[in-house]
Amino acid sequence: MLELKNISFYSEDNKKILDNICLEIDNNFTVITGPNGSGKSTLAKIIAGIKKPTSGKIIFNGEDITNLSITERAKRGMSYAFQQPVRFKGLKVKDLMSLAAGKESSLSEVCDLLSEVGLCARDYINRNIDGTLSGGELKRIEIAMVIARNTQLSIFDEPEAGIDLWSFQKLIHVFEKLYKSNDKSILIISHQERILNIADKIIYLKDGVVEKYDERENILNELLKSTENAQCKVLKDKMEAK
Ligand SMILES: Nc1ncnc2c1ncn2[C@@H]1O[C@H](COP(=O)(O)OP(=O)(O)OP(=O)(O)O)[C@@H](O)[C@H]1O
């Protein structure tokens with residue numbers, strides 16, 4: 001479905017952010033994880049068309065989409081939820097859901113979507129999408145929008161960021177349902193063990209390079225162990241410093 005061929009990305013000040021990424025992502029539930037600053041968001045933005053790679057190609061369903069805009073990619077079946085949600089001036093929540101679904105959504109459809117992401121429909125349906133909504137509320141509305149779009153590939157950048165534990169628990173079910181109910185694919189950038197636990201495949205990025213890419217069962221234990229070891233080392237260093 002999605003193929004990344006030799007994708008590299010350099011910032012304006014010529015810093016290497018992604019180095020020759022080669023990946024094939026099939027119809028499944030894939031999680032990209034890795035340390036802060038390893039290039040996860042940059043890679044997701046390159047896939048969605050928000051950033052252009054410095055070199056390399058992106059193939060989606062056999063078509064080279066490297067030079068296509070976000071809108072053109074969206075038309076071909078890709079949607080993206082930002083780590084920092086965007087505000088849509090002059091639009092109400094219910095309008096946004098209809099726009100995302102590409103049809104006039106009924107009240108009950110919008111209510112279902114909002115409750116999926118843990119928002120009480122009655123309180124939010126007529127709210128304006130503006131600065132009066134909290135970061136977590138905006139984030140959940142944006143996730144609901146991606147669900148409403150129901151495209152072949154949905155990309156979520158750190159859906160857990162700014163979301164309380166209770167809503168996060170619900171979101172996990174939403175992702176599972178979205179993935180299992182139809183043969184759509186999900187690509188999530190996440191540090192959360194609970195999301196890693198439901199992935200089919202995990203991509204581990206480090207310093208702009210794919211260090212590991214495998215089925216969850218072949219990679220997760222090793223990843224968690226290395227995180228534990230890293231945490232132990234920090235603790236040990238702190239104790240030794242005392
Ligand atoms: N336009 C830019 N100019 C300079 N550096 C950049 C630019 N965009 C990203 N970077 C740097 O590239 C690296 C990768 O950033 P990116 O946001 O992709 O990381 P990430 O893995 O998603 O991190 P996090 O887990 O903290 O969200 C970081 O060191 C970041 O500071």
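Atoms within each ligand, like the ligands themselves, are counted from 1 in listed order. For the single chain, residues carry numbers from 1 onward in sequence order.
Within the 4.0 Å heavy-atom criterion, the part of K51 lying near ligand 1 is the side chain and not the backbone. Only the side chain of I17 comes within 4.0 Å of ligand 1, judged by heavy-atom distances. Only the side chain of H191 comes within contact range of ligand 1, with a heavy atom under 4.0 Å; no backbone atom does.
For ligand 1 and K40, the ligand atoms under 4.0 Å from any heavy atom of the residue are 18 (O), 19 (O), 20 (P), 21 (O), 22 (O), 23 (O), 24 (P), 25 (O). Ligand 1 places these atoms under 4.0 Å from at least one heavy atom of P35: 21 (O). Which parts of ligand 1 touch S41 is read off a 4.0 Å heavy-atom cut-off, strictly below it: atoms 17 (O), 18 (O), 20 (P), 22 (O). Every atom of ligand 1 with a heavy atom of E158 under 4.0 Å away is listed here by number and element: 24 (P), 25 (O), 27 (O).
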Any chance you could lay out the side chain to side chain contact (heavy atoms under 4.5 Å, CB included) test for I125 and C111, step after step, and finish with the verdict?
CA-CA 8 Å; I125 206 154; C111 287; 4.2 Å; yes

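Not one N or O of D13 is nearer than 3.5 Å to an N or O of ligand 1, by distance alone. Between G34 and ligand 1, no N or O atom pair is found at a separation short of 3.5 Å. Close N/O approach between T42 and ligand 1 is found [any backbone or side-chain N/O within under 3.5 Å].
Residues that satisfy the salt bridge (Lys or Arg N to Asp or Glu O under 4.0 Å) test with E137, not counting sequence neighbours, are absent from this structure.
Between R194 and E160 there is no salt bridge, since no side-chain N of the basic residue sits under 4.0 Å from a carboxylate O of the acidic one. A salt bridge links D26 to K201: at least one charged side-chain nitrogen sits closer than 4.0 Å to a carboxylate oxygen.
With 3.5 Å as the limit, one finds a donor-acceptor pair spanning the side chains of N126 and K94.
How far CG of L153 is from NZ of K184: 11.0 Å, rounded to the nearest 0.5 Å.
The backbone N or O of K15 sits less than 3.5 Å from a side-chain atom of S11, completing a donor-acceptor pair.
Nearest residue to atom 19 (O) of ligand 1 from S190, G208, G39, A161 is G39 (criterion: closest heavy atom).
Ligand 1 is approached by K15 to a heavy-atom distance shorter than 4.0 Å.
The heavy-atom pair separating L171 from P159 by the smallest distance is CD1-O, 4.0 Å.
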